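Chain letters run A, B, ... following the sequence lines, proteins first and then strands; every chain starts at 1. Since we're looking at a predicted model, the values are computed, not measured.
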Number of protein chains: 2
Amino acid sequence: MAGIEEVAKLAGVSTATVSRALSGRGHVSPTSKAKVEEAAALLGYVVSSNASSLASGRTRNIGVVIPFLNRWFFSSVLEGAQQALLRRGYDLTLYNLSGDGRERSSVFEHFLLRQRVDAVIAVSLELTEHEVQRLHDLGKPLVGVGGPIPGVRTLTIDDVGVARLATEHLIGLGHRRIAHIGGDLEFDLDFHLPTNRRLGYEAALREVGVEPDPTLFAPADFTIRGGYHAAKQLLGRPHDRPTAIFAASDEMAIGSILAARDLGLVVPRDVSIIGIDDYDLSDFFGLSTVAQFPRGQGEQAVEILMEQLEPGPDAAPGASMTQLPFELRVRSSTATPSEL
Amino acid sequence: MAGIEEVAKLAGVSTATVSRALSGRGHVSPTSKAKVEEAAALLGYVVSSNASSLASGRTRNIGVVIPFLNRWFFSSVLEGAQQALLRRGYDLTLYNLSGDGRERSSVFEHFLLRQRVDAVIAVSLELTEHEVQRLHDLGKPLVGVGGPIPGVRTLTIDDVGVARLATEHLIGLGHRRIAHIGGDLEFDLDFHLPTNRRLGYEAALREVGVEPDPTLFAPADFTIRGGYHAAKQLLGRPHDRPTAIFAASDEMAIGSILAARDLGLVVPRDVSIIGIDDYDLSDFFGLSTVAQFPRGQGEQAVEILMEQLEPGPDAAPGASMTQLPFELRVRSSTATPSEL
DNA sequence: GTGAAAGCGCTAACAT
DNA sequence: ATGTTAGCGCTTTCAC
C-alpha cells in the first residue's frame, strides 16, 4: 500500500496538499490537484480510512440498525440507504437485531460507541431515551425511519392517512361491511403502525356513518401465512360475510386472496381486497394497494444525515417529522360489491 | 468520551496494561485485569476502533459484498454472517451491488481498499481474477458463499446433488415425464447454479433410462412470477402434459403451484411439484423441497475467516471447497402420478 | 507482569 | 495556495 508521503513526493507537493486535493477541503490550485490525482492513480493510492478518521474525527461511515433483513420493507429501506451512501463515498455498517435482546444491548452499549460511525439510521425501532441519549452524548446524528422516536427526526408515512385512503377506496366502491386485518399487539410494541392504520380505517368508516364492527377485525403478524389464517376466519362465517377486506400490509392481503380462493370465493366478485405497501408480488396477484416507497425512505434518511454531517450552502432546517409520499394503486382485487 | 489514559489512571496502571487487559493480548495479572475492567466499566470506556485499527492494523470489521438484499437466500446469508460477527465483537460493513456496474467497480477499486475491513465475504459473486488479486495483495482473506470463485475458498451446496435428489424423489414416486424450470442464461453468468441443477436433473433421469426431453425445460428468473409463467407453458399443453415439475427454486415452485391451480389442476393429484431451498413460504404452500441452510452458510463463512484472522490452537486447514448440508423435505405437493 | 515511548497514516492549525 | 508540524488514541516493541 502506497502512503500519502509517496504520493506527495511523486506529485512534488507536501502531504498537506495531497490531503487537501484528495478530500476537497481547503483550496488547492488546479495544477497541483491534477498532479496529485495523477500520482495517486499511478500508485493506486487510497486513503487509509482509519488514519483519516483518527485525525479528522469523521469516519465516512453510517450505522444502520434494523430489526429484520428478510422482509420487504426493511430490505428496501436498507437498499435505498446503501445506494445513497455508496454514491457519496460512505460505507454502511449494518447492525441487524433479529436475534435476542442481548444483541440489542451490545450494539448500543458497545458497537455504536467505538467511534466507527458518524451517524445512525434506526429503522422501525423504538429507541429508549437512554439509547437516544447515548448517541446524543457522542454527538452522533440519528434519524429514524418508520417508527416514531421521541425527540428524533423520523421519516414515516402517515399511517392513519394511508389506511383511510385504502378504506375510502372500498367505501367509494359501495362497500360498507369492510373487515380489517391489522397487527397483533406484539407488533404494536415497537412501532404503532398497526394501531394507526386501524384508526384510519375506523375514521373512514365513521365518516360515512358506519360504526366499526369489532368482529370484523382480525389480528395477524404481517405475513402471507398470518393474513391467510385471519382471512379464513373472516370469510368463513356463514352469515354477514364482509364484502371487502382491508389488510394493513400487502403480504396479509395476498394471504387473504389465497384464503378467499380456498373458500371458493372469487376476488373481487365475492370479496374485494386491498393492502398497503405495493410490494414485490402485489402486481402479480393483481392486488389493489396503497403504495409506499421504502427505498426512497432509506435514501431520504441518508440525505438528512448528510445535511447535518456536511452542511451545504442551502441548509434547510427540516421539520422533526417528515411526511412521505403514498399512492393508491387500483388493480383487479377491488370492485363494487356484487349485491349492488 | 473517556480515553485510555483516564482508565489507566483510575486503575493505577499504565496505558499499555489497559490495552493488554482489554484486548486479551499479552499477559496481565488477574489483579490488574480486574482493576482495569472495573475502571473501564465505571468510565463507560470503549476503545476507539480507529485508533486501535491504526495502531494494530486490525479493524475487527468484515466486508460483505452481496448482489441482492431482497431475496431470501441473500438476506439469510447476511443474517447468519451478521449474527456470527456480532457475537465475536466484529462489525459488518455491507456492500450491496444491486445497482449498476459502476457500483461494483467503485466498491472494488475504492471502498475495499481503504483498510476498513480485515476480510471479505463475497456472496454469489463471480469475482474477476483482478478483483481477487487486489484483495490478495492487501493480505485480506476472502471467502465466497454460493458461487465458485477460482482460487478462493468457497462455500456452496452440491447443486448437482441437490437437483438429483429432488428429481430422484419424483422418479421414486413413479414419475417419468418430469419437467424442469431452471434459470435463464442471464442467471448463469454470475453463478453456474442453474446449469448445475439442470445437470443433476438430467443425470437422475438418465439413470432410470429416461432421455431428458428439451421441450420439458422452461427457463425463468427464480421468482414466483417467473415460475408461474414458465409452469403455465409447461402445464398448458394439450397433450403429454408432464406429471411432475422440478423447479430450481422454491419461489419458482410456488409459482408453479399457483399456475397449476389457475389451470384447474390439483396438486399433487394432477401434477407433483418440488423445489429447492425451503424458504419462508414453502411450508405454507405444502411444498416438497430440498432444504438448504443459508444462515448456516453465512455463519460458516465467518468461522472460516476467523480461523485465518485469529488462528486458534486447533487450526484445521480446511479444503478449498466445502460441501454444505441439504435435506429432502417431503410435504404435500408431491405424490405418485394418478395414471398409475 | 509491567511501563516508557515510538509510531500507525493521516488532518488541521498555523505560518508563510 | 502551500508547507511545517503537532497531534488523533491507541498498540507494541523493548527494557526492566
Side-chain angles (χ1 to χ4, degrees), chain A residues 1-37 39-40 43-61 89 110 113-118 138-139 309-310, chain B residues 1-37 39-40 43-61 89 110 113-118 138-139 309-310:
Chain A
M1 256 338 253
I4 197 174
E5 209 134 343
E6 303 168 54
V7 178
K9 200 167 298 166
L10 183 56
V13 297
S14 72
T15 61
T17 300
V18 173
S19 174
R20 285 191 276 251
L22 260 29
S23 70
R25 332 192 132 242
H27 292 237
V28 184
S29 77
T31 336
S32 352
K33 181 159 186 196
K35 276 191 298 189
V36 168
E37 277 168 355
L43 296 171
Y45 171 75
V46 177
V47 267
S48 152
S49 61
N50 289 312
S52 170
S53 302
L54 183 57
S56 70
R58 280 172 272 100
T59 64
R60 297 182 75 78
N61 186 27
H110 223 85
L113 304 182
R114 49 184 186 188
Q115 313 270 45
R116 184 160 278 163
V117 301
D118 287 338
L138 283 170
L309 294 174
E310 307 176 354
Chain B
M1 259 335 256
I4 197 173
E5 209 133 342
E6 303 167 54
V7 178
K9 199 168 299 166
L10 183 57
V13 296
S14 70
T15 61
T17 300
V18 173
S19 174
R20 285 190 275 249
L22 261 27
S23 70
R25 334 190 130 243
H27 291 237
V28 184
S29 76
T31 335
S32 347
K33 180 161 187 194
K35 277 192 296 190
V36 168
E37 278 167 353
L43 297 171
Y45 170 77
V46 177
V47 263
S48 151
S49 62
N50 289 312
S52 169
S53 301
L54 182 57
S56 70
R58 280 172 271 101
T59 66
R60 297 181 75 79
N61 187 28
H110 225 86
L113 303 182
R114 50 186 186 186
Q115 313 271 43
R116 185 161 276 162
V117 300
D118 287 337
L138 284 171
L309 294 174
E310 307 176 353

In whole Å, what is the span from the CG atom of B:L22 to the C1' atom of C:dG1? 17 Å

Side-chain heavy atoms of B:R116 within contact of A:R116, under 4.5 Å: no

Indicate whether OP1 or OP2 belonging to C:dT11 is found under 4.0 Å from a side-chain N or O atom of A:S19. yes

Side-chain N or O of A:R58 versus OP1/OP2 of C:dA12: is the shortest distance under 4.0 Å? yes

Can you measure B:N50 atom CG to C:dC8 atom C1' for me and round it to whole angstrom units? 12 Å

Just call it for B:V13: base, sugar-phosphate, or nothing, with non-hydrogen atoms closer than 4.0 Å on any strand. sugar-phosphate

Please confirm whether the shortest side-chain N or O distance from B:S32 to OP1 or OP2 of C:dG1 is below 4.0 Å. no

Under-4.0 Å side-chain N/O to phosphate OP1/OP2 contact, A:S14 with D:dT2: no

Contact class for B:R25 vs. all strands (heavy atom < 4.0 Å): base, sugar-phosphate, or nothing? sugar-phosphate

Quick check on C:dT11: is either OP1 or OP2 less than 4.0 Å from any side-chain nitrogen or oxygen of A:S52? yes

Can you tell which of D:dT4, D:dT11, D:dT2 lies closest to the side chain of B:I4? D:dT11

Gap between atoms CG and P, on B:L54 and C:dG9 respectively (whole Å): 7 Å

Closer than 4.0 Å, any side-chain N/O of B:T15 to the OP1 or OP2 of D:dC10? no

Between C:dG9 and B:R114, counting only base atoms on the nucleotide and side-chain atoms on the residue, is there a donor-acceptor pair under 3.5 Å? no

With a 4.0 Å limit, can you tell me whether B:T17 has a side-chain N or O closer than that to the phosphate oxygens OP1/OP2 of C:dT2? no

Whichever of B:K33 and A:A51 has the more 5' nearest nucleotide on DNA chain C, that residue is B:K33

What's the CD-P distance between B:Q115 and C:dC8, to the nearest Å? 14 Å

State whether A:S48 places a side-chain N or O below 4.0 Å from either non-bridging phosphate oxygen (OP1 or OP2) of C:dG9. no

In whole Å, I'd like the distance from the CZ atom of B:R20 to the C1' atom of C:dG3. 8 Å

Scan A:S53 against the nucleic acid and name what it touches under 4.0 Å (heavy atoms): base, sugar-phosphate only, or nothing. nothing

